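To start, the structure under review is shown below, and the notes come after it.
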Amino acid sequence: MHDIRLIRDNPEGFDAALAKRGLAPLSSQILEIDALRRAKITAAETALADRNAASKQVGAAKAQGLEDEFERLRALVADKKAEIGILEDEAKDEDERLQDMLAEIPNLPADDVPEGADENDNVEINRWGTPRDIADALEHFDIPAVKGGMDFETAAKISGSRFVLMSGAVARVNRALAQFMLDIHTLENGLTEVNTPVMVRDEAMYGTDKLPKFGEDSYRTEEGMWLIPTSEVPLTYIAAGHVMEESYLPRRYTAHSLCFRSEAGSAGRDTSGMLRQHQFEKVEMVSVTLPEDSDAEQKRMLRCAEDILERLEIPYRTVVLCTGDMGFGARRTFDIEAWLPGQNAYREISSVSTTGDFQARRMNARFKRAGEKKPEFVHTLNGSGLAVGRCLIAVLENGQQADGSVDLPTALHPWLGGKTRITADGQLA
RNA sequence: GGAGAGGUGGCAGAGUGGUCGAAUGCGGCGGUCUUGAAAACCGUUGAGGUGAGAGCCUCCCAGGGUUCGAAUCCCUGUCUCUCCGCCA
């Protein structure tokens with residue numbers, strides 16, 4: 001959500017920032033509605049002030065027994081009442097029109113975000129590890145050690161396409177990965193573990209900018225609840241409506257949750273394997289910070305995510321998304337792409353974004369500086385740390401051996417009860 | 001699912017038709033005292049809109065209604081809590 005004041009003060013700057021996202025200028029249209037809105041507000045308030053004044057006199061007239069005067073003023077107040085009703089409705093309509101319009105405008109990119117049209121213009125800023133030379137590398141679902149424990153046919157029977165049924169060693173490694181990530185984040189990175197609801201209300205989706213524009217990407221129950229597309233939604237919405245003490249910040253959360261996405265519009269993409277599912281697991285990180293701290297916090301979060309991959313010995317590269325590839329609510333986004341030998345490509349495994357005060361405005365999350373009167377909006381950030389399913393793919397594909405088995409990363413062994421590999425026939429050993 | 005109670009400022013919690021944007025406490029801020037801190041005491045302290053400003057307007061969960069006048073009465077919605085039932 002944008003600050004109408006900033007648009008008023010600097011419409012050219014606003015349009016210029018929109019242009020970086022490839023959007024047409026909107027400021028003149030916004031300011032037109034805003035001017036109309038303010039005119040209606042002024043008119044309504046003037047009428048209200050008149051009514052309030054007359055209303056006070058009514059009481060006085062009554063008290064003094066001036067019946068004629070009382071009746072006259074009473075009629076006047078009644079007239080004003082009708083007028084006020086109309087003016088207030090008009091003011092409200094204009095205000096809603098403005099809010100609706102602002103709600104659909106994406107966040108403005110930070111100054112340092114590279115300009116570009118699409119993912120081809122993203123800029124690599126870090127590369128770690130060297131992909132191992134694997135002859136005839138297989139995709140995860142074709143690796144002999146994995147095949148028996150990753151069943152797409154049965155999942156389809158139960159739930160349709162884009163679901164998976166994991167069992168045995170594969171399910172165990174998947175679980176170990178999630179535990180591993182959570183333990184690192186809580187014990188070493190100082191994040192607070194949270195277990196959130198995965199069904200949320202409209203307000204939480206709106207506050208984290210998933211609504212009104214992207215409702216079709218998520219699932220909604222018949223009762224009107226949303227299945228979360230990411231635990232960014234409940235984690236961030238914790239702060240909604242609060243005025244926090246300055247000293248309360250930063251807040252750093254992590255959660256392991258199921259995530260649900262309809263994947264509308266991605267038909268035919270990544271259809272094989274478990275890269276893109278309707279239901280998946282993710283360990284999420286969310287930070288709520290002071291405005292001046294959010295840029296440093298984003299780098300910190302990025303390091304937390306990259307560190308997981310380094311410990312798991314998975315080669316990756318980090319890119320900063322260009323203006324044309326960023327999500328709706330982001331001011332700046334870093335994507336981490338893990339090396340997948342089976343695809344001979346780097347694929348997204350984490351996305352770390354700062355939204356500035358964009359979400360905070362929508363959910364009215366504020367803090368008060370010591371000694372200051374006015375509350376200010378906090379900054380909110382979110383990042384995957386990491387997508388568990390995709391991390392499982394990376395671990396399996398990078399660990400595949402010529403004999404069909406999979407060597408599991410050393411760092412993970414303690415979470416596997418000391419086991420180190422999956423044999424070609426699918427046993428943890 | 002049934003019955004009941006309630007939603008008030010950063011927090012807790014008074015207030016049941018005008019004198020209430022709202023007692024009191026906590027917390028915050030400023031001060032007195034102190035070598036410093038604590039304690040004590042004094043003062044101060046809600047949010048939003050609009051306006052160049054003085055100011056004006058709105059806000060006691062939300063939306064309707066009654067009334068000259070609503071935090072206060074009525075209706076609807078919503079959320080929370082308690083009890084009963086059911087239940088992993």
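Not measured: the values here are computed from a predicted model. Per chain, numbering begins at 1; letters A, B, ... match sequence-line order.
Every residue two or more places apart in sequence or in another chain that forms a side chain to side chain contact (heavy atoms under 4.5 Å, CB included) with Ala240(A) is listed here: Tyr237(A), Met363(A). Residues satisfying the salt bridge (charged side-chain N to carboxylate O under 4.0 Å, His left out) criterion with Asp407(A), sequence neighbours excluded, are Arg421(A). Evaluation of the salt bridge (charged side-chain N to carboxylate O under 4.0 Å, His left out) rule for Asp112(A) yields Arg332(A) as partners, not counting sequence neighbours. Residues that satisfy the salt bridge (charged side-chain N to carboxylate O under 4.0 Å, His left out) test with Glu188(A), not counting sequence neighbours, are Arg311(A). Under the salt bridge (charged side-chain N to carboxylate O under 4.0 Å, His left out) criterion, Arg261(A) pairs with no residue, sequence neighbours left out.
Pairing for rU80(B) is with rA5(B), a Watson-Crick or G-U wobble pair whose two hydrogen-bonding atom distances lie under 3.5 Å. Base pairing of rG27(B) is made with rU45(B), judged by Watson-Crick or G-U wobble geometry with both donor-acceptor distances under 3.5 Å. Pair assignment for rC20(B): none, as no Watson-Crick or G-U wobble contacts are both less than 3.5 Å.
Rounded to whole Å, the P atom of rG31(B) lies 13 Å from the corresponding atom of rA38(B). Comparing rA37(B) with rC20(B), their C1' atoms sit 40 Å apart, to the nearest whole Å. Across rU8(B) and rC61(B), the matching P atoms stand 7 Å from one another, rounded to whole Å. Across rC59(B) and rG69(B), the matching P atoms stand 14 Å from one another, rounded to whole Å. For the P atom pair drawn from rA54(B) and rG65(B), the interatomic distance equals 35 Å after rounding to whole Å. Distance noted for atom C1' between rU16(B) and rC79(B): 23 Å (whole Å). If you take atom P in rG6(B) and the same atom in rC73(B), they sit 10 Å apart, rounded to whole Å. Straight-line distance between the P atoms of rA71(B) and rU58(B): roughly 10 Å, to the nearest whole Å.
The residue from Lys368(A), Arg366(A), Arg369(A) that alone fulfils the salt bridge (Lys or Arg N to Asp or Glu O under 4.0 Å) condition with Glu376(A) is Arg369(A).
In this entry the distance linking CD of Glu376(A) with P of rG28(B) reads 19 Å, nearest Å. Rounded to a whole Å, the CG atom of Asp202(A) is 11 Å from the P atom of rC79(B). The nearest whole Å value for the distance from the CZ atom in Phe367(A) to the P atom in rG46(B) is 19 Å. Atom pair Asp95(A):CG and rU58(B):P shows a separation of 16 Å (rounding to whole Å applied). For the pair Lys40(A) NZ and rC56(B) C1', the interatomic distance rounds to 19 Å; values are reported in whole Å. Rounded to an integer number of Å, the gap from Leu48(A) CG to rC57(B) P is 8 Å. For the pair Glu223(A) CD and rG77(B) P, the computed distance is 18 Å after rounding to whole Å. rG9(B) atom P lies 13 Å from atom CG of Asn364(A), rounded to whole Å.
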Give each protein N/O atom lying under 3.5 Å from an N/O atom of nucleotides 48-50 of chain B, with the pair distance.
from, atom 1, to, atom 2, distance (Å)
rG48(B), OP2, Lys374(A), NZ, 3.1
rG49(B), OP1, Arg5(A), NH2, 2.6
rG49(B), OP2, Arg5(A), NH2, 3.2
rG49(B), O3', Arg37(A), NH2, 3.4
rG49(B), N2, Glu45(A), OE1, 2.9
rG49(B), N2, Glu45(A), OE2, 3.2
rU50(B), OP1, Arg8(A), NH2, 3.1
rU50(B), OP1, Arg37(A), NH1, 3.3
rU50(B), OP1, Arg37(A), NH2, 3.2

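Aromatic rings from Phe358(A) and His2(A) are positioned such that their centres are separated by under 6.0 Å.
Looking at heavy-atom distances under 4.0 Å, Lys92(A) makes contact with sugar-phosphate atoms alone, never a base.
Within the 4.0 Å cut-off from OP1 or OP2 of rG27(B), not a single side-chain nitrogen or oxygen of Lys368(A) is found.
The structure places CZ of Arg175(A) at 11.5 Å from CG of Leu177(A), a figure rounded to the nearest 0.5 Å.
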